[in-house]
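Note sheet for the following structure.
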Amino acid sequence: MKELSIYNSQSRNKEKFEPIHKDFVGLYVCGPTVYNYAHLGNCRTFVTFDIVYRYLLHLGYKVRYVRNITDVGHITTEFDDGVDRIGAQAKIEQVEPMEIVQKYTLYFHEMLSHFNTLPPSIEPTATGHISEQIRMIETILNNGFAYEVDGSVYFDVQRYKNVHPYGEMSGRNVDELIENTRELDGQEEKRFFADFALWKKASPEHIMRWPSPWGEGFPGWHLECSAMSTKYLGETFDIHGGGMDLKFPHHESEIAQNTACCGHKPVNVWMHGNMLTVNGQKMSKSLGNSFLPHELFAGEHPLLDQGYSPMVVRFFMLQAHYRSTLDFSNEALKAAEKGYHRLMEAIAKIDKCSPGETNEFNFVAFKSNCYEAMNDDFNTPILVAHLFEVVKVINSCFDKKMSLTQSTLSDLKTFIHELVHNVLGLKEESNESANDSTDHLMQLIIQLRQKAKENKDYHTSDLIRDELKKLAIQLNDSKDGTTWTYEK
RNA sequence: GGUCCUGUGGCCGAGCGGCUAGGCAGAGCUCUGCAAAAGCUUGUACAGCGGUUCGAAUCCGCUCGGGACCUCCA
């Protein structure tokens with residue numbers, strides 16, 4: 001098996017993946033801020049890293065996957081007019097901030113479980129790690145890379161960049177940034193425009209607050225990831241992931257904090273998933289073009305003319321590479337839906353294929369192609385393309401137009417199952433699974449229709465077929481008789 | 001304005017120096033009382049203009065279009 005290579009945002013190149021400790025991988029992914037419903041774009045990122053997690057597991061690594069929940073009421077800007085998102089939502093819904101956190105954390109978990117993502121090994125919350133964050137700030141202060149002003153602590157970017165590079169990963173040149181940054185009010189506390197808050201003094205109305213050496217306040221946004229990744233994965237770990245939009249300033253600041261604290265870089269490989277777009281534009285709440293998962297499943301959205309199941313949406317996402325933007329549209333989803341069902345039906349057919357004497361399918365080559373795809377920076381679209389090649393093989397074998405031996409069929413079955421279910425995380429959807437009595441009823445109806453057909457009473461047989469169609473029941477006539485399914 | 005990404009057939013979307021992506025739709029065929037469903041087969045492409053090269057969708061330059069980030073963001 002060839003080696004896994006991963007595109008590292010830091011070097012802007014694909015690099016051979018070598019874990020720090022043989023057989024073990026530390027993976028950290030930036031989780032959501034739970035102040036509102038997670039939308040589909042957010043979900044894409046978590047599906048992306050679910051694939052990373054699953055494939056690493058498949059390769060035999062022991063993976064510790066840490067994904068945080070941001071539940072501190074960070075303000076939207078570090079300035080006086082900033083709004084605490086969680087606090088603001090609490091006011092709207094007239095509940096406690098922690099009720100907001102709970103509500104949207106539950107929603108997030110529920111949606112991700114619909115998408116069949118594996119839960120992380122550890123899902124730490126920012127509010128649960130205040131003391132770790134305070135300790136980290138103290139260290140950074142002691143190391144001379146931060147300063148306190150009136151109960152707030154800021155990271156000293158200028159001091160830092162004299163010693164370490166800042167902005168390397170996101171391609172920022174801080175000195176050039178100065179000229180291009182728009183003027184903003186309320187940053188008089190900072191020594192330098194690019195400094196960011198490690199600790200923020202809480203205004204009287206700010207409910208989420210904790211005591212600290214600098215007074216009552218709350219930690220800065222970037223800090224929790226630094227503190228929690230260090231706590232659970234160590235000062236240097238293998239992979240850090242997140243959405244492309246977190247590259248700057250969030251991840252750049254994380255790197256700076258960790259380096260200021262520990263003296264060395266925290267992460268070997270930085271991975272960034274690209275955005276989900278709608279009509280070519282990033283899906284985001286502020287643009288009003290976001291879809292919520294439950295709206296998508298139910299088809300309850302002005303831009304949708306039907307609902308799409310979670311597995312169809314997951315499959316849709318896997319048909320694009322994680323570093324490319326993916327455009328969301330009815331047409332694209334419909335195409336994915338058809339393709340997904342074709343794939344899953346072919347897989348279910350493997351068992352029904354009768355083995356032949358000769359073998360006309362090169363399983364070894366197929367297997368190696370699949371690994372080659374995944375090893376090339378998790379190229380799921382290529383993998384899916386290979387799977388569709390096998391769909392044809394399975395169908396041809398089923399129709400006895402192609403011969404596969406028993407051992408090839410059995411190898412194929414095992415391998416496909418592993419790829420599709422365990423690596424891609426796709427599963428069969430029990431679409432309104434029929435109970436026994438429904439099936440008996442249907443068998444009866446099918447028999448009656450068969451009788452009618454034998455009597456050349458096509459009026460009756462067509463009536464049965466058409467009326468069932470109205471109930472979304474599809475009759476499938478074939479040489480071997482008639483079967484029925486609920487329409488997809 | 002700065003930095004970076006991107007422009008592939010009707011739609012989505014891989015590939016990124018020579019060799020088929022793949023899915024959906026379309027067309028043809030098989031099956032069928034007729035259909036549907038399903039399966040098989042199959043056409044159409046690399047924004048434009050230059051350049052490098054034996055050879056470019058793939059590298060370089062320019063032009064035009066789209067997008068992301070530049071202290072809310074997955």
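All chains are named by letter (A, B, ...) in the order of the sequence lines, taking the proteins before the strands, and each is independently numbered beginning at 1.
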Do the side-chain N or O atoms of [X] get closer than 4.0 angstrom to the phosphate oxygens (OP1, OP2) of [N]?
X	N	result
A/Lys392	B/G22	no
A/Lys338	B/A25	yes
A/Arg342	B/C40	yes
A/Asn42	B/A74	yes
A/Ser324	B/A14	yes
A/Trp221	B/C73	yes

Checking all strands, does [X] fall into the base, sugar-phosphate, or nothing category for heavy-atom contacts under 4.0 angstrom?
X	result
A/Ala332	sugar-phosphate
A/Leu475	base
A/Met275	base
A/Gly41	base
A/Lys469	sugar-phosphate
A/Leu343	nothing
A/Lys282	base
A/Asn395	sugar-phosphate
A/Asp327	sugar-phosphate
A/His74	nothing
A/Glu331	sugar-phosphate

Within this structure, what is the [atom1]-to-[atom2] distance between [X] and [N], rounded to whole angstrom?
X	N	atom1	atom2	result
A/Tyr322	B/U6	OH	P	14 Å
A/Asn289	B/G67	CG	C1'	13 Å
A/Asp245	B/C5	CG	P	17 Å
A/Phe388	B/C40	CZ	P	11 Å
A/Lys349	B/C40	NZ	C1'	11 Å
A/Arg85	B/A74	CZ	P	8 Å
A/Phe316	B/G22	CZ	C1'	15 Å
A/Met169	B/C69	CE	C1'	12 Å

Could you tell me the separation between the SG atom of A/Cys225 and the CD atom of A/Gln257, rounded to the nearest 0.5 Å? 9.0 Å
When you match A/Val393 and A/Ser284 each to their closest nucleotide on RNA chain B, which lands nearer the 5' end?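 Per heavy-atom nearest nucleotide, the more 5' residue is A/Val393.
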Taking the nucleotide of RNA chain B with the nearest heavy atom to each, does A/Asp399 or A/Gln319 sit closer to the 5' end?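 Result: A/Gln319.
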From the list B/A74, B/A25, B/G33, which nucleotide is the closest neighbour of the side chain of A/Arg449?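 The answer is B/G33, which lies nearest to the side chain.
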Side chain of A/Ala320 (C-beta onward), nearest among B/G13, B/C70, B/A21: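 Closest nucleotide to the A/Ala320 side chain: B/G13.
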Could you tell me how far [M] sits from [N] if I compare only their [atom1] atoms? Round to whole Å.
N	M	atom1	result
B/G7	B/C60	P	13 Å
B/A21	B/G43	P	10 Å
B/A45	B/G51	P	23 Å
B/A14	B/G23	P	15 Å
B/C24	B/C62	C1'	37 Å
B/C72	B/U53	C1'	49 Å
B/G9	B/C49	P	16 Å
B/C59	B/G1	P	26 Å

In the strands shown, is [N] matched to any nucleotide by a Watson-Crick or G-U wobble pair with both distances under 3.5 Å, and which?
N	value
B/A68	B/U3
B/U30	B/A38
B/U53	none
B/G43	none

Ring-base stacking, A/Tyr458 with B/G33 (5.5 Å, 30° cut-offs):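 Yes; by the centre-distance and plane-angle rule, A/Tyr458 counts as stacking on B/G33.
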In this structure, is the centre-to-centre distance between the rings of [Y] and [X] below 6.0 Å?
X	Y	value
A/His39	A/Phe291	no
A/Tyr7	A/Tyr322	no
A/Tyr340	A/Tyr308	no
A/Phe366	A/His386	no
A/Tyr35	A/Tyr104	no

Is a side-chain donor or acceptor of [X] paired with a backbone partner of [Y] at a separation under 3.5 angstrom?
X	Y	value
A/Ser5	A/Lys16	no
A/His272	A/Asp245	no
A/Asp195	A/Phe192	yes

Ignoring hydrogens and geometry beyond distance, is the side chain of A/Asp477 in donor-acceptor contact with the base of B/A35 at under 3.5 Å? yes
Any donor-acceptor pair under 3.5 Å joining the side chain of A/Arg465 to the base of B/A36?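 No.
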Please evaluate residues A/Glu331 and A/Lys334 with respect to the criterion salt bridge (Lys or Arg N to Asp or Glu O under 4.0 Å), reporting the C-alpha separation (whole Å), side-chain torsions for both, the decisive distance (0.1 Å), and the verdict. CA-CA 5 Å; A/Glu331 261 191 310; A/Lys334 271 183 196 161; over 6 Å; no
Give a yes or no on whether a salt bridge exists between A/Lys453 and A/Asp457, defined as a side-chain N under 4.0 angstrom from a carboxylate O.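 No salt bridge links A/Lys453 with A/Asp457.
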Residues touching RNA chain B, which here means a heavy atom under 4.0 Å, drawn from residues 379-387 of chain A: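 The stretch gives A/Asn379, A/Pro381, A/Ile382, A/Ala385 as the residues lying under 4.0 Å from the strand, ordered by number.
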Could you check A/Glu428 against A/His421 for side chain to side chain donor-acceptor pair (under 3.5 Å), going step by step and ending with a plain yes or no? CA-CA 9 Å; A/Glu428 278 79 13; A/His421 297 96; 3.2 Å; yes
